[in-house]
Number of protein chains: 2
Amino acid sequence: MGCKGDQTRDAILEGALKLASRVGLEGITIGMLSEELALSKSGLFAHFGSKESLQLRTLEYAAARFAQVVVMPALAAPRGEPRVRALFEGLLRWPERVPQPGGCVFVAAAVEFDDRPGPIRDRLREIRREWHAFLAGAVRRAIDAGHFRSDLDPQQFAFEVDGIGLAWHHASRLLDDPKAGERAHRAFEALVAGARAPRR
Amino acid sequence: MGCKGDQTRDAILEGALKLASRVGLEGITIGMLSEELALSKSGLFAHFGSKESLQLRTLEYAAARFAQVVVMPALAAPRGEPRVRALFEGLLRWPERVPQPGGCVFVAAAVEFDDRPGPIRDRLREIRREWHAFLAGAVRRAIDAGHFRSDLDPQQFAFEVDGIGLAWHHASRLLDDPKAGERAHRAFEALVAGARAPRR
DNA sequence: TGTTCGTACGAACGGTCGTTCTATTTTCGC
DNA sequence: GCGAAAATAGAACGACCGTTCGTACGAACA
């Protein structure tokens with residue numbers, strides 16, 4: 001079975017993820033990537049057969065890493081509110097845990113591909129929906145555990161967490177707002193407080 | 001004074017805005033744009049002198065249109081909460097008011113340029129900061145008018161509105177969530193309710 | 001030892017990019 | 001209407017794109 005090849009391919013995917021974080025999945029160039037990794041263009045290309053396949057594999061690699069560094073550790077936290085908190089904290093730390101110097105690759109890809117039909121958009125949408133469903137599931141468990149009020153809408157909660165994450169990404173990266181992290185946490189605390197309090 | 005040239009340039013900028021909405025500011029291609037507008041590549045190019053200048057002008061054009069269709073109409077609403085609401089509603093309608101088939105051009109540009117130093121990033125950041133400041137100003141007026149509680153942080157409010165807008169953009173475009181609009185409104189109502197209520 | 005196969009390389013392809021140059025057409029004040 | 005100036009077109013450039021092809025190296029297996 002391919003031993004050396006697998007190592008190389010993983011190294012390529014790691015480089016592709018970092019590169020995509022900066023220039024987007026579509027902005028990746030086989031020339032740039034091969035130069036950065038000291039490989040030949042054709043040698044790198046041979047591992048994937050097409051650019052689209054490289055993009056797809058990079059997306060898959062990112063999803064696997066995300067599961068490793070934010071989903072799985074959160075499962076170690078107790079069910080209910082603590083786990084919801086762990087997911088949020090993991091979300092904020094994910095672009096540094098798996099180095100993405102240009103910001104979350106899913107955010108970049110979402111904006112790039114939200115109107116470009118094809119397998120990449122399809123897979124990306126799937127990944128995002130899974131994340132959404134997982135987050136909503138954790139919220140539902142928090143309701144069942146009595147941490148959150150029973151008439152809370154988990155999907156709505158997930159929607160708003162998504163918004164906080166995106167606003168944080170935006171404020172910290174483009175706006176260089178030093179208070180971005182603090183703002184994100186305050187927003188999340190307000191959200192949790194509203195979820196905890198009995199119906200007004 | 002340039003008469004014909006100005007008309008052409010405006011038509012180019014309108015086309016560039018629509019195109020940038022789909023493929024991003026960097027994704028714009030002079031060939032694509034000239035073909036779409038039935039102009040020659042060199043003829044179009046002559047209006048701007050460089051691609052970067054075209055991008056910068058497109059960004060400026062978008063900012064001017066944004067001021068026209070969301071900021072100015074909101075000024076017609078009474079100060080305080082109504083104006084804050086008008087700004088939020090205008091924000092959600094802006095990509096359809098000024099046709100952007102691929103979604104808000106500022107969102108696309110923000111993700112593309114948040115880590116690409118240069119005049120485009122600088123100008124984009126300025127535009128976004130102005131919007132943030134304007135929104136926060138409207139919130140401050142709502143506090144002064146007694147609509148919102150006096151210890152509300154206008155910047156925090158603006159941060160969260162930003163998040164709702166981004167989450168809505170994301171949910172409606174990539175995820176094809178039919179409830180995205182409803183969710184955005186519910187999130188906004190919760191935000192306003194929290195701003196209105198006396199400190200818990 | 002010889003053969004095979006997985007792996008990487010170098011050269012080249014047609015195509016498109018942003019840009020430059022030189023003409024040609026169109027506009028507009030006189 | 002005329003002539004200057006502005007506006008547009010056309011061809012070409014070097015660079016880089018994704019992709020293909022033929023080939024060389026190295027290890028595994030006969």
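Small disclaimer: the values here were computed from a predicted structure and weren't measured. Letters A, B, ... are given to chains in the order of the sequence lines, protein chains preceding strands, and every chain is numbered from 1.
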Quiz item: By salt bridge (charged side-chain N to carboxylate O under 4.0 Å, His left out), which residues pair with A/Asp153, not counting sequence neighbours?
Solution: B/Arg183, B/Arg186

Practice problem: State whether B/Thr8 places a side-chain N or O below 4.0 Å from either non-bridging phosphate oxygen (OP1 or OP2) of D/dT8. | Solution: yes

Quiz item: Tell me, which of residues 110-124 of chain B have any heavy atom that sits under 4.0 Å from an atom in DNA chain C?
Solution: none

Quiz prompt | Heavy-atom closest contact (A/Ala108 atom, A/Ala20 atom, distance) | solution = CB-O, 4.5 Å

Quiz item: A/Leu33 near the nucleic acid: base, sugar-phosphate alone, or nothing, with a heavy-atom cut-off under 4.0 Å?
Solution: nothing

Quiz item: Residues sharing A/Leu166's hydrophobic cluster, by side-chain heavy-atom contacts under 4.5 Å among ILVMFWY, directly or via others?
Solution: A/Val107, A/Val111, B/Val107, B/Val111, B/Leu166

Quiz item: Could you state the CE-P distance from A/Met32 to D/dC17, rounded to the nearest angstrom?
Solution: 8 Å

Practice problem: Specify the separation, in whole Å, of atom CD of B/Gln7 and atom C1' of C/dT26. | Solution: 13 Å

Practice problem: Kindly say if A/His47 contacts the phosphate of C/dA8, meaning a side-chain N or O under 4.0 Å from OP1 or OP2. | Solution: yes

Return a table of donor-acceptor pairs under 3.5 angstrom between the side chains of residues 117-124 of chain B and protein atoms on other chains or two or more places apart.
from	atom 1	to	atom 2	distance (Å)
B/Arg121	NH1	B/Asp114	O	2.5
B/Arg121	NH2	A/Asp176	OD2	2.9
B/Arg123	NE	B/Glu60	OE1	2.9
B/Arg123	NE	B/Glu60	OE2	3.1
B/Arg123	NH1	B/Glu126	OE2	3.2
B/Arg123	NH2	B/Glu60	OE2	2.6

Self-check item: Atom pair distance, as rounded to whole Å: CG in A/Asp6 and P in C/dA8
Solution: 10 Å

Self-check item: Rounded interatomic separation in angstrom, taking NZ from B/Lys51 and P from C/dT16
Solution: 15 Å

Practice problem: Rounded off to whole Å, could you give me the CZ-to-P distance for the B/Phe45 and C/dC21 pair? | Solution: 11 Å

Quiz item: Which pairs with one or both residues in residues 47-58 of chain B pass side-chain hydrogen bond (donor to acceptor under 3.5 Å, both in side chains), sequence neighbours excluded?
Solution: B/Glu26-B/Gln55

Quiz item: Which other residues end up in the same hydrophobic cluster as B/Met72, if Ile, Leu, Val, Met, Phe, Trp and Tyr are linked when side-chain heavy atoms come under 4.5 Å apart?
Solution: none

Exercise. Return the 5'-most residue of the pair A/Ala46, B/Ser50 with respect to DNA chain C, ranking by each residue's nearest nucleotide.
Key: A/Ala46

Quiz item: How many Å lie between CD on A/Glu35 and P on D/dC17, as a whole number?
Solution: 9 Å

Quiz prompt | Of all pairs that satisfy salt bridge (Lys or Arg N to Asp or Glu O under 4.0 Å), the ones with a partner from residues 77-86 of chain A, not counting sequence neighbours | solution = A/Glu81-A/Arg85, A/Glu81-A/Arg196, A/Arg85-A/Glu189

Check nucleotides 9-14 of chain D against the protein and report each pair of N or O atoms closer than 3.5 Å, with its distance, or say if there are none.
from	atom 1	to	atom 2	distance (Å)
D/dA9	OP2	B/Ser40	N	2.7
D/dA9	OP2	B/Ser40	OG	3.0
D/dA9	N7	B/Ser42	OG	3.2
D/dG10	N7	B/Ser42	OG	2.8
D/dG10	O6	B/Ser42	OG	2.7

Self-check item: Interface residues of residues 52-59 of chain A with DNA chain C (non-hydrogen, below 4.0 angstrom)
Solution: none

Quiz prompt | Set of residues satisfying salt bridge (charged side-chain N to carboxylate O under 4.0 Å, His left out) with respect to A/Arg140, sequence neighbours excluded | solution = none

Please report, to 0.1 Å, the donor-acceptor pairs under 3.5 Å made by any side chain of residues 29-40 of chain A, with sequence neighbours excluded.
from	atom 1	to	atom 2	distance (Å)
A/Ser34	OG	A/Ile30	O	3.1
A/Ser34	OG	A/Gly31	O	2.9
A/Ser40	OG	A/Gly43	N	2.9

Quiz item: Where does the angle between the aromatic ring planes of B/Phe188 and B/Phe88 fall among parallel (under 30°), tilted (30 to 60°) and perpendicular (over 60°)?
Solution: parallel

Quiz item: D/dC17 P sits how many Å from B/Glu26 CD, rounded?
Solution: 13 Å

In a table with atom names and distances, give each donor-acceptor pair under 3.5 Å that connects a side chain of residues 90-102 of chain B to protein atoms at least two apart or in another chain.
from	atom 1	to	atom 2	distance (Å)
B/Arg93	NH1	B/Glu89	OE1	3.3
B/Gln100	OE1	B/Val105	N	2.9
B/Gln100	NE2	B/Val98	O	3.1

